[in-house]
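Worksheet for the structure shown next.
Small disclaimer: the values here were computed from a predicted structure and weren't measured.
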Amino acid sequence: MTTFKIFKVALIVVLVSISLIPPHVTAEVTCEQITMWLTPCIGYGVLGCVVLAACYEGLKTTIAAKKTKKDRQLGCNCVKNVAAKIPGLNYDRVNEIPGICGTTIHYKITPDLDCTK
C-alpha cells in the first residue's frame, strides 16, 4: 500500500471515529465567553451612552447559557470580578441594562455580591 493510501485510510478512520463521539451536552459556559458577550455593554455602564444591540444580544445569550446552578454561580462571579476591574463603572447603570433589554436577572451587580446564593 502506498503512503497516500495509508493516509487516506487513516483519515477515514479518524473522521468516522469523530462522528461516533456523542456531543458534549454538558459544556459549561466560561468567563471568557461571558466577558466577550457582555463587552458591548461597558459603554453604557461607564459613560451612559446608548445601549448597543450587541449588548442586548450578549445579555440574552449570557442568560440563556446559564442553565445550571454552577453556570449561574460562575456567571455571577465572572461579572462581579470583571466589573470590579473596569474603571469608572457605574453599578446603577449596569443594573439598568437588563430592564432596558427587556429581560431580568435575579440579582443586582455590586462589588460585594454573594454569588453562592
- Note on the structure: Distance col, row Cys76:SG vs Asp114:CG, nearest 0.5 angstrom, shows 8.0 Å

- Asn77 vs Cys115 side-chain heavy atoms within contact, under 4.5 Å: yes

- Among the clusters formed by ILVMFWY side chains lying less than 4.5 Å apart, do Ile86 and Ile109 turn up in the same one? yes

- Can you find a pair of side-chain heavy atoms, one from Tyr44 and one from Ile100, that are under 4.5 Å apart? yes

- Query: Any idea which heavy atoms bring Pro98 and Leu59 closest together, and the distance?
  - Reply: CA-CD2, 3.6 Å

- Message: Would you compute the distance between atom SG of Cys78 and atom CH2 of Trp37 and round it to the nearest 0.5 angstrom?
- Response: 10.0 Å

- Is there a path from Val51 to Tyr91 through hydrophobic residues (I, L, V, M, F, W, Y) whose side chains come within less than 4.5 Å of each other? yes

- Ile97 CD1 to Tyr56 OH distance, which is reported to the nearest 0.5 Å: 10.0 Å

- Are any side-chain N or O atoms of Asn95 and backbone N or O atoms of Lys108, one a donor and one an acceptor, separated by less than 3.5 Å? no

- Looking at CD1 of Ile42 and CG of Leu89, how far apart are the two atoms once the value is rounded to the nearest 0.5 Å? 8.0 Å

- Message: Is there a continuous path of hydrophobic side-chain contacts, each under 4.5 Å between heavy atoms, that joins Met36 to Leu52?
- Response: no

- Task: Looking only at non-hydrogen atoms, find the nearest pair between Cys31 and Leu74 and report the distance.
- Result: N-CD2, 3.9 Å

- Pairs involving residues 85-107, ordered by first then second residue, that meet salt bridge (Lys or Arg N to Asp or Glu O under 4.0 Å) (sequence neighbours left out): none

- Query: So, for Lys67 and Arg72, which heavy atoms are closest and what is the spacing to 0.1 Å?
  - Reply: O-NH1, 3.1 Å

- Where Val29 and Ala65 come nearest, the two heavy atoms and their spacing: CG2-CB, 4.0 Å

- Would you give the length of the straight line joining atom CD of Glu57 to atom SG of Cys101, rounded to the nearest 0.5 angstrom? 9.0 Å

- Task: Give me the one residue out of Thr61, Val79, Val82, Val94 that meets side chain to side chain contact (heavy atoms under 4.5 Å, CB included) with Leu38.
- Result: Val79

- Message: Looking at Lys80 and Leu113, would you say the former's side chain and the latter's main chain have a donor-acceptor pair under 3.5 Å?
- Response: yes

- Worked verdict on Gln33 versus Thr30 for side chain to side chain donor-acceptor pair (under 3.5 Å): CA-CA 5 Å; Gln33 289 171 308; Thr30 66; 3.3 Å; yes

